[in-house]
Q: 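My questions will all concern the structure given below.
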Amino acid sequence: MPDHSRIVRSVDFTWPDLKQKKYKEQNTGFKDISRFILLGEEEDDRELTIQTRYFEIANQGYSSIERHRHTHTVIIVKGKGSMILGNRIINLDFMDTIYVAPNTVHQFHADRGEPLGFLCIVNRDRDRPEIPYDEKTLESWLPDPEIRRKAKI
């Protein structure tokens with residue numbers, strides 16, 4: 001059996017041998033976020049059942065607010081920020097590790113004066129996220145008005 005093991009080298013939270021990917025399609029409610037797929041996308045990664053990805057949100061940026069059936073493991077590796085996680089707003093600091101359970105509404109924010117970078121580990125084969133496209137849907141997802149005020153769509 002061939003050995004597909006490898007190291008993906010980083011230089012200052014970039015990966016020169018990898019192409020930076022679009023975060024998502026336009027009009028999905030995000031601002032100033034970049035993405036690299038580190039492992040789990042290439043043909044030589046077919047033995048992996050997971051993808052390891054790196055996201056970086058510029059200061060005052062945010063990810064899309066979403067929910068889906070698949071789980072996430074997220075590890076903060078750069079900066080600090082906050083997130084909506086279900087019906088909570090949580091401050092995030094370096095090396096915090098987050099479990100996002102199935103169908104939990106979540107959104108990451110770089111809102112504490114610096115960029116927020118994190119590793120995100122997900123199943124390689126997974127469902128597509130649901131994204132609220134209007135205030136009425138957002139209200140049904142987040143009934144607490146304080147949490148809803150933080151959300152960006």
Side-chain angles (χ1 to χ4, degrees), residues 8 10-15 18-42 45-46 48-153:
V8 182
S10 171
V11 177
D12 270 342
F13 293 97
T14 64
W15 290 264
L18 298 177
K19 183 179 176 188
Q20 183 175 322
K21 305 275 187 177
K22 285 184 178 180
Y23 170 62
K24 290 190 177 177
E25 297 303 316
Q26 294 299 330
N27 302 320
T28 55
F30 63 89
K31 179 182 173 192
D32 296 333
I33 184 168
S34 62
R35 170 176 77 120
F36 285 92
I37 300 176
L38 306 179
L39 294 170
E41 181 180 51
E42 301 300 321
D45 295 341
R46 64 188 168 278
L48 282 171
T49 59
I50 59 169
Q51 274 189 346
T52 303
R53 308 170 307 169
Y54 176 76
F55 294 88
E56 188 165 312
I57 307 173
N59 187 33
Q60 299 306 310
Y62 48 87
S63 67
S64 60
I65 189 159
E66 61 187 42
R67 67 182 182 188
H68 37 68
R69 289 185 311 274
H70 66 273
T71 62
H72 286 250
T73 297
V74 175
I75 305 166
I76 306 303
V77 296
K78 181 178 183 182
K80 55 188 174 183
S82 69
M83 75 178 296
I84 295 170
L85 183 63
N87 291 310
R88 298 173 283 170
I89 296 172
I90 299 169
N91 282 335
L92 300 172
D93 293 297
F94 179 70
M95 293 309 293
D96 283 351
T97 303
I98 302 112
Y99 168 60
V100 180
N103 296 311
T104 302
V105 177
H106 57 284
Q107 183 176 47
F108 293 88
H109 295 256
D111 57 0
R112 294 175 61 203
E114 59 189 286
L116 177 67
F118 54 91
L119 295 172
C120 178
I121 303 163
V122 294
N123 289 335
R124 186 174 179 155
D125 297 316
R126 59 191 179 275
D127 63 306
R128 305 279 305 165
E130 293 178 73
I131 296 171
Y133 290 101
D134 57 44
E135 291 294 329
K136 185 174 178 119
T137 304
L138 184 64
E139 185 175 353
S140 72
W141 285 20
L142 298 171
D144 184 321
E146 182 179 329
I147 295 169
R148 200 167 51 251
R149 275 192 292 280
K150 178 154 183 84
K152 308 283 189 202
I153 59 171

Q: In residues 145-153, what donor-acceptor pairs under 3.5 Å come from side-chain atoms, sequence neighbours left out?
A:
residue: Arg148; atom: NH1; partner: Leu142; partner atom: O; Å: 2.7
residue: Arg148; atom: NH1; partner: Pro143; partner atom: O; Å: 3.1
residue: Lys150; atom: NZ; partner: Ser82; partner atom: OG; Å: 3.0
residue: Lys150; atom: NZ; partner: Asp111; partner atom: OD2; Å: 2.4

Q: So among Leu119, Ile33, Leu116, which one has a side-chain contact (heavy atoms from CB on, under 4.5 Å) with Phe55?
A: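 So the option named by the test is Ile33.
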Q: Who are the salt bridge (charged side-chain N to carboxylate O under 4.0 Å, His left out) partners of Glu135, not counting sequence neighbours?
A: none
Q: Do any side-chain atoms of residues 97-105 form donor-acceptor pairs under 3.5 angstrom with protein atoms, and if so which ones, sequence neighbours left out?
A:
residue: Thr97; atom: OG1; partner: Met95; partner atom: O; Å: 3.4
residue: Thr104; atom: OG1; partner: Ala101; partner atom: O; Å: 3.0

Q: Residues in side-chain contact (heavy atoms from CB on, under 4.5 Å) with Leu48, at least two apart?
A: Leu39, Asp45, Ile50
Q: Taking only residues two or more places apart in sequence, or in another chain, which ones meet Arg88 in a salt bridge (charged side-chain N to carboxylate O under 4.0 Å, His left out)?
A: none
Q: So do Ile37 and Glu42 actually touch side chain to side chain, heavy atoms under 4.5 Å?
A: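 They are not in side-chain contact.
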Q: Taking distance alone, no hydrogens or angles, what donor-acceptor pairs closer than 3.5 Å link side-chain atoms of residues 72-81 to residues at least two apart or in another chain?
A:
residue: His72; atom: NE2; partner: His68; partner atom: NE2; Å: 3.0
residue: Lys78; atom: NZ; partner: Glu56; partner atom: OE1; Å: 3.2
residue: Lys78; atom: NZ; partner: Glu56; partner atom: OE2; Å: 3.0

Q: Contact between Ile90 and Asp96 at the side-chain level, heavy atoms closer than 4.5 Å - yes or no?
A: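 No, their side chains stay 4.5 Å or more apart.
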Q: Just to verify, which of Phe108, Phe36, Phe94 counts as forming a ring-ring contact (aromatic ring centres under 6.0 Å, His included) with Phe118?
A: Phe108
Q: Decide yes or no on side-chain contact (heavy atoms from CB on, under 4.5 Å) for Ile84 and His109, but give the supporting numbers first.
A: CA-CA 8 Å; Ile84 295 170; His109 295 256; 4.2 Å; yes
Q: Can you see which heavy atom on Ala110 is nearest to which on Ala58, and at what distance?
A: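 Looks like CB-O, 3.3 Å.
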Q: Under the rule for side chain to side chain donor-acceptor pair (under 3.5 Å), what residues qualify as partners of Glu130, not counting sequence neighbours?
A: Arg67
Q: Find the distance between CZ (Phe30) and OG (Ser64) and round it off to the nearest 0.5 Å.
A: 7.5 Å
Q: I need the full list of side chain to side chain donor-acceptor pair (under 3.5 Å) pairs touching residues 114-126, with sequence neighbours left out, sorted by first then second residue.
A: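 Only Gln51-Arg126 qualify under side chain to side chain donor-acceptor pair (under 3.5 Å).
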Q: Run the ring-ring contact (aromatic ring centres under 6.0 Å, His included) test against Tyr54 and tell me which residues pass, sequence neighbours left out.
A: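 Expected list: Phe13, Trp15.
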Q: Compare every heavy atom of Pro132 with every heavy atom of Trp141, then report the nearest pair and how far apart it is.
A: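 Looking at all heavy atoms of both residues, the shortest contact is CZ3-CD, 3.2 Å.
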Q: What pairs with Asp127 under side chain to side chain donor-acceptor pair (under 3.5 Å), at least two apart in sequence or on another chain?
A: His70
Q: Checking Glu41 now: which residues fulfil side chain to side chain donor-acceptor pair (under 3.5 Å) with it, not counting sequence neighbours?
A: Lys21
Q: Excluding sequence neighbours, so at least two apart, what forms side chain to side chain donor-acceptor pair (under 3.5 Å) with Arg112?
A: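 Side chain to side chain donor-acceptor pair (under 3.5 Å) list for Arg112, sorted by chain: Asp93.
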